[in-house]
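Have a look at the structure below, then the notes.
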Protein chains: 2
Amino acid sequence: MVSAEPTVRLTGAPRSAAQTRVLDAALELISAHGVSGTSLQMIADAVGVTKAAVYHQFKTKDEIVIALTERELDRLADALEAAEAEEDRVRAREVLLTCVVDLAIERRGAVSTLQFDPVIVRLLAEHKPFEQFISRLYGALLGDGTGAAARVEAAMLSGVISTAVMHPLVADIDDDELREHVLRYMRRLVDLPE
Amino acid sequence: MVSAEPTVRLTGAPRSAAQTRVLDAALELISAHGVSGTSLQMIADAVGVTKAAVYHQFKTKDEIVIALTERELDRLADALEAAEAEEDRVRAREVLLTCVVDLAIERRGAVSTLQFDPVIVRLLAEHKPFEQFISRLYGALLGDGTGAAARVEAAMLSGVISTAVMHPLVADIDDDELREHVLRYMRRLVDLPE
DNA sequence: GTCTATAGAATGATAGAC
DNA sequence: GTCTATCATTCTATAGAC
């Protein structure tokens, strides 16, 4: 029997409680200091254990970064699947974008790291499962074109959201209000439902 | 005699040739690996000298990062002064934005670092001269409002530019074409001349 | 302005006991 | 799952000669 619908999910093994504690601490530290600016000692201190205990959960620092990126990308998987289910490519993008706005607001603090940290950028391009996921994401984001205009539009859309959500100027705006404003401005850039 | 028009310029001492070589190498490396991911050894190797020679030009790594940020922000100074000279705040923003697009395209590779690297973000907020410069920049970017809507708009504008310019999807689009596309999308968000 | 040499701390990572 | 102890390497930074 040929394998069914290849699922978009990225998750490897389910994470133990100890692993989850490490990933939570790592995400917070990395969001504040970047991947290279975060040491295993800092992570261990934040969890309240020694470095050796952290190394028992993940063999290398890279594995922590991969696991944490995986966990965050997985939050996009449902949105991406819903988008890919749409027949109309423009409609697919609408679905994706509205979901992405919500996720971005939910993860305000971490968005910038995940999109712009040089280590993660490299990982996204070189680690095969990520690369595949990202190119699906770009596919849905491109709408119905692939020319220069469409690519600039897609690039902008992927960035505007994260930037709009993490910018110091909007730090004191609460989630619900921010969401409304961002969606309003997004409608000026592309068609969005409602 | 009271001091004349406070200039926007950030530059301290003019840089020697040796200092310029260090800053050029540092900017390129930091753009690729981030501040924390770039060591003085890497910079020294790129320049073709030893670490000690680099330390002779700048007392600390922080000083290098400050000098290099200073140099990049200075490129915005003229645009900011021109904007502040305008009486109409909306017109001032137009002037600023068109200049910023050009600069962003010119420095495509470095934009992301300067806007999103955690070390530089912190520097921009804590180093006094930078903090002052940035708040002037935000002032001009805000146009005539200061409420939540205006702040989200400003955040989106600053995001459109940087993201549209550095995204992998647009890497192969040449400067002139990219410039036209970006300006076209910016006009959907705000009024821009021509 | 550049070098060699080095100090002292922190880094990622491992071995082995409990 | 966590610890102590350790290793080799790299890091920022300095002293002093040329």
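Naming: A, B, ... by sequence-line order, numbering from 1 per chain. All values derive from a computational prediction rather than experimental measurement.
Leu157(A) is not listed as a side-chain neighbour of Ile161(A), based on a closest heavy-atom distance of 4.5 Å or more.
In this entry the distance linking NZ of Lys61(B) with P of dT10(D) reads 16 Å, nearest Å. Between the C1' atom of dA5(D) and the NE2 atom of His56(A) lies a distance of 18 Å, rounded to the nearest Å.
Scanning residues 17-34 of chain B for heavy-atom distances under 4.0 Å to DNA chain C yields Ala18(B), Arg21(B). In the region residues 45-53 of chain B, proximity to DNA chain C at under 4.0 angstrom, judged on heavy atoms, holds for Val49(B), Thr50(B), Ala52(B), Ala53(B).
In this structure, Phe133(A) has its ring center no closer than 6.0 Å to that of His127(A).
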Could you please spell out the steps behind the side-chain contact (heavy atoms from CB on, under 4.5 Å) verdict for Glu153(B) and Leu189(B)? CA-CA 8 Å; Glu153(B) 187 177 85; Leu189(B) 289 173; 5.7 Å; no
Evaluate the criterion side-chain contact (heavy atoms from CB on, under 4.5 Å) for residue pair Leu183(B) and Leu97(B); output intermediate values, then yes/no. CA-CA 9 Å; Leu183(B) 283 173; Leu97(B) 285 175; over 6 Å; no
Does the side-chain hydrogen bond (donor to acceptor under 3.5 Å, both in side chains) test come out yes or no for His33(A) and Ser36(B), once each step is laid out? CA-CA 9 Å; His33(A) 307 107; Ser36(B) 298; over 6 Å; no
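How far CZ of Arg107(A) is from CD of Glu72(A): 4.0 Å, rounded to the nearest 0.5 Å.
Proximity of a side-chain donor or acceptor of Gln19(A) to a complementary backbone N or O of Ser16(A) within less than 3.5 Å is detected. Side-chain atoms of Arg122(B) come within 3.5 Å of backbone atoms of Ala32(A) as a donor-acceptor pair (strictly under, hydrogens ignored).
Contact footprint of chain B on DNA chain C: nucleotides with an atom under 4.0 Å from a non-hydrogen protein atom, first to last in 5' to 3' order, dG1(C) to dT4(C).
What you find for Thr163(A) and Ser158(B) is that their closest heavy atoms are CG2-OG, 4.3 Å.
Atom CD of Glu28(A) has 12 or fewer heavy atoms from other residues, nucleotides or ligands within 6.0 Å.
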